[in-house]
2 protein chains.
Amino acid sequence: MKAPTSLAKIDGIDKKILRFLMADARKPVLEIARSIGISGAAIHQRLRKLEASGLLSGSKFIVNPKSLGYTTMAYIGIYLDKAMSNPMAVKQLEKIPEVLECHYTTGNWSILIKVLCRDNEHLMQVLNKEIQAIEGVSRTETFISLAQQIDRQISI
Amino acid sequence: MKAPTSLAKIDGIDKKILRFLMADARKPVLEIARSIGISGAAIHQRLRKLEASGLLSGSKFIVNPKSLGYTTMAYIGIYLDKAMSNPMAVKQLEKIPEVLECHYTTGNWSILIKVLCRDNEHLMQVLNKEIQAIEGVSRTETFISLAQQIDRQISI
DNA sequence: ATTGAAATATGTTCGTA
DNA sequence: TACGAACATATTTCAAT
């Protein structure tokens, strides 16, 4: 992945290609080619350019956490002591596999994290034994997601 | 995607396959086969089973929003009037492309959303002209993400 | 930037163990 | 489940426009 120095210029064909692949990363380039009416080689070249520009940062298989028994998602706002630097806290949070996202935020908290746990009991363990155990964490506020109703990427 | 009726049973080989594909959805199955020392046909068969079980819910190309000029991410807690039902609000939020996630949460707010905007001004527009305009939205609290320091899926 | 064609590699199915 | 072989597709490169 390259850090973008300037904005990527993409045209309508790029957008069509991206929309296909954002929905299904394994869609064959030749299928896309037939759908939008240009050659496979052209798409291949465009994808190389998009990747080189840093606009494409890879692809992922999506696993359904519920199939693995992970049904409890929550956001946790974390208050940090002044003494505790954000990077130090993040380093500790990285070691906790249940922490899927970590944001350095404006507002009440220093940090907002998203965690995924098997159930409420597991969430409680993670809160009490993992998060609260981090030095510098003074207080937390937890918001359990009862349902995730929207989940998507930037619209192209 | 199938809703999981029971927990998926996956073994070490399944995990290895998933780890490869979660990191790079386009990694050729035959490459994975060579890496872990079983035949491509076996992996193919396992992937079909994992998909049928609902554990695999597709794949995505990841686009870097910064390359498109989207640099401001924020979480917004939304207070809904009692009269406004959650599904009605979600229906309106779905129409706003800047809204990437929407959670029905416990705690202070009725809804927590994640939005992605070009800049602070764009965020302000979305807040004032889109979110606040939704009937039933009484108040919002915004937390801007100054930096996202962790972003990953469930660990397998 | 795009194309078609050639060479290489992969996806997919199937019979068998 | 896993395998290998056979067939169908896809990826990748390249010379030409």
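Keep in mind the model is a prediction, meaning the values are calculated, not measured. What you see below is based on every heavy atom in this structure, not just the backbone, and it leaves out hydrogens, waters and symmetry mates. Naming: A, B, ... by sequence-line order, numbering from 1 per chain.
- B:Arg48 comes within 4.0 angstrom of nothing in the nucleic acid, heavy atoms only.
- C:dT12 atom C1' lies 12 Å from atom CG of B:Leu47, rounded to whole Å.
- Of the possible donor and acceptor atoms, one in the side chain of A:Arg19 sits under 3.5 Å from a partner among the backbone N and O of A:Ile156.
- The ring pair (Phe, Tyr, Trp, His ring centres under 6.0 Å) check on B:Tyr75 picks up A:Tyr75, A:His103, with sequence neighbours excluded.
- Listed by chain and residue number, nothing satisfies the salt bridge (charged side-chain N to carboxylate O under 4.0 Å, His left out) test with A:Glu94 (two or more places apart in sequence, or in another chain).
- Put simply, CD on B:Glu51 is 14 Å from P on C:dG11, counting in whole angstrom units.
- With pairs defined as Watson-Crick or G-U wobble and both atom distances under 3.5 Å, the stems of at least three pairs that touch DNA chain C come out as C:1-10 with D:8-17, C:12-17 with D:1-6.
- No option in B:Ile32, B:Leu30, B:Ile36, B:Ile38 other than B:Leu30 meets the side-chain contact (heavy atoms from CB on, under 4.5 Å) test with B:Arg34.
- A nucleotide of DNA chain D counts as in contact with chain B when one of its atoms lies under 4.0 Å from a heavy atom; the first and last such, 5' to 3', are D:dT1 to D:dT11.
- Rounded to the nearest 0.5 Å, atoms CE (A:Met73) and CD (A:Glu98) are 12.5 Å apart.
- One finds a salt bridge joining A:Lys114 and B:Glu101 here, because a Lys/Arg side-chain nitrogen approaches an Asp/Glu carboxylate oxygen to under 4.0 Å.
- With B:Val115 as reference, B:Leu123 is the one residue of B:Thr72, B:Leu123, B:Leu100 to meet the side-chain contact (heavy atoms from CB on, under 4.5 Å) rule.
- Within a heavy-atom distance below 4.0 Å of DNA chain D, the residues of residues 28-45 of chain A found are A:Pro28, A:Val29, A:Leu30, A:Arg34, A:Ala41, A:His44.
- Checked for salt-bridge contact, B:Asp11 and B:Arg46 meet the test: a charged N lies under 4.0 Å from a carboxylate O.
- Residues satisfying the ring pair (Phe, Tyr, Trp, His ring centres under 6.0 Å) test with B:Phe143, not counting sequence neighbours, are A:Trp109, B:Trp109.
- Only one option out of B:Ile76, B:Ile111, B:Ile96, B:Leu112 pairs with B:Cys102 in a side-chain contact (heavy atoms from CB on, under 4.5 Å); it is B:Ile111.
- Across all strands, A:Lys27 comes closer than 4.0 Å to no nucleic acid atom at all (heavy-atom distances).
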